[in-house]
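These notes concern the structure reproduced below.
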Amino acid sequence: MERAAPPGPHRVPDRLDVARSRYDAAGLRSLVAPGWVHSAVYTDPRIFELELERIFHKGWVYIGHESEIAKSGEFRRRQMGRQPVIFVRGQDGEVRVFLNRCRHRGAIVCEVDEGRDSYFRCWYHGWTYSNSGELVSVSGPDGYGPSFDARENGLTPVPRVASYRGFVFATLDDAVPPLEHYLGGAAKVIDILVDSAPRGELLVRSGSNRTIYKGNWKQVGMDGYHPLFVHASVLATWERHSDSGHSLGATHSANPFNFDGVSETRDFGNGHTMLDFLKHRLNHSGKFRSILENTPGGADYIEALYAEHEESWADVLLAMAGDPHVGIFPNLQLINNQIRIVNPISVDETEVVMFPVLFANVSPEINALRLRQHESFYGPAGSGSTDDAEIFERVQKGLGASIDPWINISRGMNRERVEADGTIVGHISDEVPQRGQLKQWLTMMVGRPEFEEG
């Protein structure tokens, strides 16, 4: 019997009865075809449970920026999938990540999102830990006898913690490759944000805002196709008020998302992807430079960029305005003037926490400009985040349809190219990021990840 041709980017794959699937390696692979993905990937609770186990509990996960806990004793409460953790700088100055769990009966010992203290105390039975993780006090110690060893009952450290230029990652699996291998080519994009700050010093200490939407976590970010439609009114406003420096239109001069534009998408491997506005912004960098020059301290900031970096790289930094617009799989995105953490709650509920990023060693007016730009689009009263949350919820509702469940992610497959370093590049509207993220998703879901080295 003649075999059917394999599905191509414009040939819908055969229907699958996922209700009875066991989701072994073969079953998971059957959910992905060239240019297509089965909607069960976004809607099946069984797949979500596997994602927590194999992606968030087995790979590198972003925890926070070192400047958030700049002082000894400062801490932040974070999540690694379902694992509650504490991100803390001990009295010795070392940055650590602990499971947020008393070693006695399992209650959390850190109950607030952030703060500064020398100790974490369990309110169930009074066990107390130092901010370096040691068990320093047990209530009624005579009840445990001479064999009890406090050194064996400290807070549980996460198996591995590593940092890249102040960005701290952790993993629950001690066997994963080094962080620098995992980041690969995406590391040079993180540099765009760090090097944009004089002496590379970022300040992530301006609070955060968060949103929870009724949709799957894999919907967030790195989509250059939607702004012309979802954010049409915002783009129109930017063009009408193009001389204002207090909205993101100051950095997105003109429209970087046009179908005939020069902006690009990039897939660096390991699920790390980028909306690359460099070519577009270089064409309009004079305008943003003018805004800076008319901002107190702006001329000094520009001078510092060119004093610290080679001219060609300083040109890039000035044009990009500290906006790498990169997604680090699975939970970190650096977009415009913010760090974004994506926390999966359930298969159809996701929390997104956004942290404005300011620069040390610049004038208050420049940081105020960055903060106002962040608020204009992403803040609680911003013009863009609400649009995104609404469309994500509409997508999740639509994905519930069980007839013809295959989702098309083929845009640009016919015109993407591969650069010498292996980076896959497409037009800004192409679904290069969606395919890149899904490739890493499948790699981690079917077995131990073998990360590509950049």
Under 3.5 Å side-chain donor-acceptor pair for Q79 and N343: no
Can we say E68 and R89 salt-bridge, meaning some charged N sits less than 4.0 Å from an Asp/Glu carboxylate O? no
Tell me yes or no: between the side chains of T423 and D421, is some donor less than 3.5 Å from an acceptor? yes
Could you walk me through whether R435 and D430 satisfy the salt bridge (Lys or Arg N to Asp or Glu O under 4.0 Å) test, starting with their C-alpha distance in whole Å, then the side-chain angles of each, then the deciding distance to 0.1 Å, before giving a yes or no? CA-CA 10 Å; R435 294 189 291 272; D430 291 347; 5.9 Å; no
Is a side-chain donor or acceptor of R160 paired with a backbone partner of D174 at a separation under 3.5 angstrom? yes
Side-chain H-bond candidate by donor/acceptor type, N131 with Q91, under 3.5 Å: yes
Side-chain heavy atoms of V189 within contact of L334, under 4.5 Å: no
Could you tell me whether the side chains of Q437 and T273 share a donor-acceptor contact shorter than 3.5 Å? yes
Run through F87, Y164, Y62 and flag the one making a ring pair (Phe, Tyr, Trp, His ring centres under 6.0 Å) with F169. Y62
In this structure, is the centre-to-centre distance between the rings of H65 and F355 below 6.0 Å? no
Side-chain donor-acceptor contact under 3.5 Å, N414 with H10: no
Any chance you could measure L292, atom CG, to I366, atom CD1, to the nearest 0.5 Å? 6.0 Å
Would R281 pass as a cation-pi partner of F288, given that its NZ or CZ must be under 6.0 Å from the six-membered ring centre and within 45 degrees of the axis? no
Ring centroid separation for F277 and F257, is it under 6.0 angstrom? yes
Do F98 and F120 have their ring centres less than 6.0 Å from each other? no
Calculate, to the nearest 0.5 Å, the distance between atoms CG and CG belonging to L358 and N337 respectively. 8.5 Å
Please name the pair of heavy atoms, one in D315 and one in L282, separated by the smallest distance, quoted to 0.1 Å. O-CD2, 4.0 Å
Parallel, tilted or perpendicular: rings of F329 and W217 (30°, 60°): tilted
Answer with yes or no after comparing the ring centroid distance for F259 and H427 against a 6.0 Å cut-off, counting only values under it. no
What I want to find out is whether R77 reaches D113 closely enough, with some N-O distance under 4.0 Å, to be called a salt bridge. yes
Parallel, tilted or perpendicular: rings of Y182 and H272 (30°, 60°): perpendicular
Under the side chain to side chain contact (heavy atoms under 4.5 Å, CB included) test against F48, which residue among V41, V347, I345, T43 passes? V347
